[in-house]
Amino acid sequence: MKRNHEWINNFNEWIMSACRSNMDIKFVWSGSDAKALAYYVTDYVTKSSLSFHDSLALMIKATKDFDKKQSDSSDNIHERSRRLLLKMHNTLASQQELSGVQVASYILNFPDHYTTHEFQKIYLIGIENHLEKCLQDAKTQQENGSNMIENQTYAQIHEFEDDLDVLNEHFLIESAENNKMVFVNSRIDYQHRDNTLNNYCLYDFTSWFRKKKIDENDKRILAKTNEETTSISRGRPSNERYKFLPQHPQHFSHILMKWTKPRVPVLIGPMIPRRERDETKERYYRAILTLFVPWRTITDLCDVTET
DNA sequence: AGAATCATCTTCGTCGGATT
DNA sequence: AATCCGACGAAGATGATTCT
C-alpha cells in the first residue's frame, strides 16, 4: 500500500504489465471504502454530460433569443413551434461536450459497440427433460430386469413419439434428403456426431461446430480428406468437416463444420435453484453435468450421473 | 541474404435480394 | 413470412518481386 513514487497511485509493476498499463486499481480496505467506491463508480458510469439545471438554463436562453428575433414574423404557429424546437435542440447539442475520441470515431464511421466474441445458444431445458426421462426409463428397466431387451426395442421405436408428447423438448422441422422433413434439435445433432468427435462435450461441441447443408464444394473437400493426400494447395485451407452418424435423420443432407474461431455458448434455461427441493437441485446439477461430460448414448449419461 | 510487400488463390461467413 | 442462394468482402495461405 506504500506509494513509492510521488507521481504514482498504489503502483504495482506486475499488475501494471499484466493489464497492459491500463491501470485504475484500488485496494478496497473496508466497508466504508467499498461504499464510497460503489458510489463513485455508479456516479461515473451514469453521469449525464449535461446536468438538468444546465440544460434548463440553456433552453431558457434559447427561448429568449427566439422571442427576440422572431417576434415580428407572421409565420403560422406550426412553423414557429418547429423553429423553436430546432433552436432548442441546436443550443443543447452545441453545448454538449464531446471527447476527441468520440468525434474521431463518429467521423470514421466506427460502430457504437464492439463484441470480442460471437455467441451460440444452448437450450438447457430440453436436454434436461430428455435426460430425466431416460433416467426414469433406466430405473424401470432395472426393476424389471427380465424384460430389459424388450423394453429397449420398445424405447427405440417410440422414442420420437414420446419425446413429442410427454416432454417439452423443442424440435425444429428441417429438410433432409429428397425434401423429406424431419424433426431435429441440437441434442440429436450432438448425440449422432461423428465418432472422431467422441471427446467433445456438449459445451465444446456447440462452441466449435455448426450444422450446414451439404453442397458440391463440401463433397469435394470430404472426398479429399478421405484420400489423406498431403499435397500443398494454394489459398485458404478449408475448415474441418464431419458427417453425422447414419442414425441421424440428416445423415445424407447435412454435415458438421468447424468454426475458425470458437463461439461462446450461452446457457439458456432454468436458473440455479436456491431454496428448492433437493430433487429439483439434483435435476439441475445433472443437466449441467450433461454439458461438460462427453456422452453419446443415454446409458453413458446414466452411468455418469449415477456416480 | 533475408525482410517486407505485393499478387494471387481459395475458402469462410454474413447479408440482402429472390423465391416459394 | 420463411427460406434459399448468390454476391462479396475478409481471412489466411503460397509465391513472386522489391527493398535494405
Side-chain angles (χ1 to χ4, degrees), chain A residues 20 101-127 129-130 160-161 163-165 167-269 291 294:
Chain A
R20 300 197 170 78
V101 179
Q102 256 176 303
V103 174
S105 62
Y106 176 74
I107 293 174
L108 292 172
N109 277 329
F110 286 174
D112 288 338
H113 74 281
Y114 299 89
T115 44
T116 51
H117 296 69
E118 304 282 335
F119 299 94
Q120 205 73 32
K121 290 173 185 169
I122 299 181
Y123 293 97
L124 271 179
I125 191 101
I127 296 163
N129 285 337
H130 181 73
F160 261 54
E161 292 169 31
D163 280 345
L164 288 172
D165 294 344
L167 305 172
N168 274 330
E169 195 178 356
H170 290 272
F171 286 90
L172 294 171
I173 302 176
E174 286 185 9
S175 63
E177 80 267 41
N178 307 327
N179 289 332
K180 231 168 57 181
M181 304 308 277
V182 290
F183 287 109
V184 282
N185 61 17
S186 52
R187 188 210 94 217
I188 294 177
D189 290 345
Y190 175 71
Q191 256 184 303
H192 301 315
R193 67 195 184 279
D194 190 86
N195 280 324
T196 20
L197 307 178
N198 265 340
N199 287 331
Y200 277 90
C201 65
L202 183 52
Y203 188 86
D204 292 337
F205 180 79
T206 32
S207 151
W208 275 109
F209 294 96
R210 72 190 165 110
K211 188 157 68 175
K212 183 183 177 299
K213 215 174 179 179
I214 287 185
D215 59 23
E216 291 305 313
N217 195 35
D218 295 327
K219 281 178 190 165
R220 221 190 58 234
I221 288 166
L222 274 171
K224 219 195 303 178
T225 45
N226 282 345
E227 285 171 20
E228 295 283 347
T229 47
T230 48
S231 61
I232 311 137
S233 59
R234 293 175 62 91
R236 185 176 177 167
S238 52
N239 290 7
E240 293 170 37
R241 286 165 166 76
Y242 298 96
K243 282 184 178 173
F244 285 112
L245 291 183
Q247 295 95 296
H248 194 283
Q250 290 167 315
H251 171 67
F252 292 108
S253 59
H254 289 70
I255 52 164
L256 287 170
M257 191 168 167
K258 201 169 184 173
W259 292 108
T260 313
K261 278 184 194 166
R263 309 211 149 188
V264 179
V266 180
L267 308 186
I268 302 201
L291 286 176

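Chain letters run A, B, ... following the sequence lines, proteins first and then strands; every chain starts at 1.
- Summarising the geometry, atom CD belonging to A:Q191 is positioned 11.0 Å from atom CZ belonging to A:F205; distances are rounded to the nearest 0.5 Å.
- Not one side-chain nitrogen or oxygen of A:R236 sits closer than 4.0 Å to the OP1 or OP2 atom of C:dG9.
- Distance NZ (A:K261) to P (B:dG13): 10 Å, rounded to an integer number of Å.
- Contact check, A:R210 against B:dG13: a side-chain N or O comes under 4.0 Å of OP1 or OP2.
- Crowding of A:N199 atom CG: a count of heavy atoms from other residues, nucleotides or ligands under 6.0 Å not exceeding 12.
- Counting only heavy atoms from C-beta on, A:K213 has its side chain closest to C:dC4 among C:dC4, C:dA10, B:dT14.
- Looking at the side chain of A:M257, the nearest of the listed nucleotides B:dT14, C:dC4, B:dC12 is B:dC12.
- Regarding contacts with the backbone of B:dG13, a side-chain N or O of A:T260 is found under 4.0 angstrom from either OP1 or OP2.
- In this structure, A:K258 atom NZ and B:dG13 atom P are separated by 12 Å, rounded to whole Å.
- In terms of the ring pair (Phe, Tyr, Trp, His ring centres under 6.0 Å) criterion, residue partners of A:Y203 (sequence neighbours excluded) are, by chain and number, A:F292.
- Rounded to an integer number of Å, the gap from NE2 of A:H254 to C1' of C:dT3 is 12 Å.
- Atom CG of A:L256 sits about 9.5 Å away from atom OG1 of A:T196, to the nearest 0.5 Å.
- Of the candidates C:dA11, B:dT14, B:dG13, the closest approach to any side-chain atom of A:N239 belongs to B:dG13.
- When each of A:R187, A:H192, A:R193 is paired with A:Y190, the side chain to side chain contact (heavy atoms under 4.5 Å, CB included) condition holds for A:R193 and for no other.
- The separation between A:K211 atom NZ and C:dT3 atom C1' is 15 Å, rounded to whole Å.
- Rounded to whole Å, atom P of B:dT11 lies 10 Å from atom CG of A:D218.
- Regarding A:K212, its NZ atom lies at a distance of 15 Å from the C1' atom of C:dT3, rounded to whole Å.
- Whole-Å rounding puts the A:F119 CZ to B:dT14 C1' distance at 18 Å.
- If you take CD1 of A:I255 and P of B:dC12, they are 9 Å apart, rounded to a whole angstrom.
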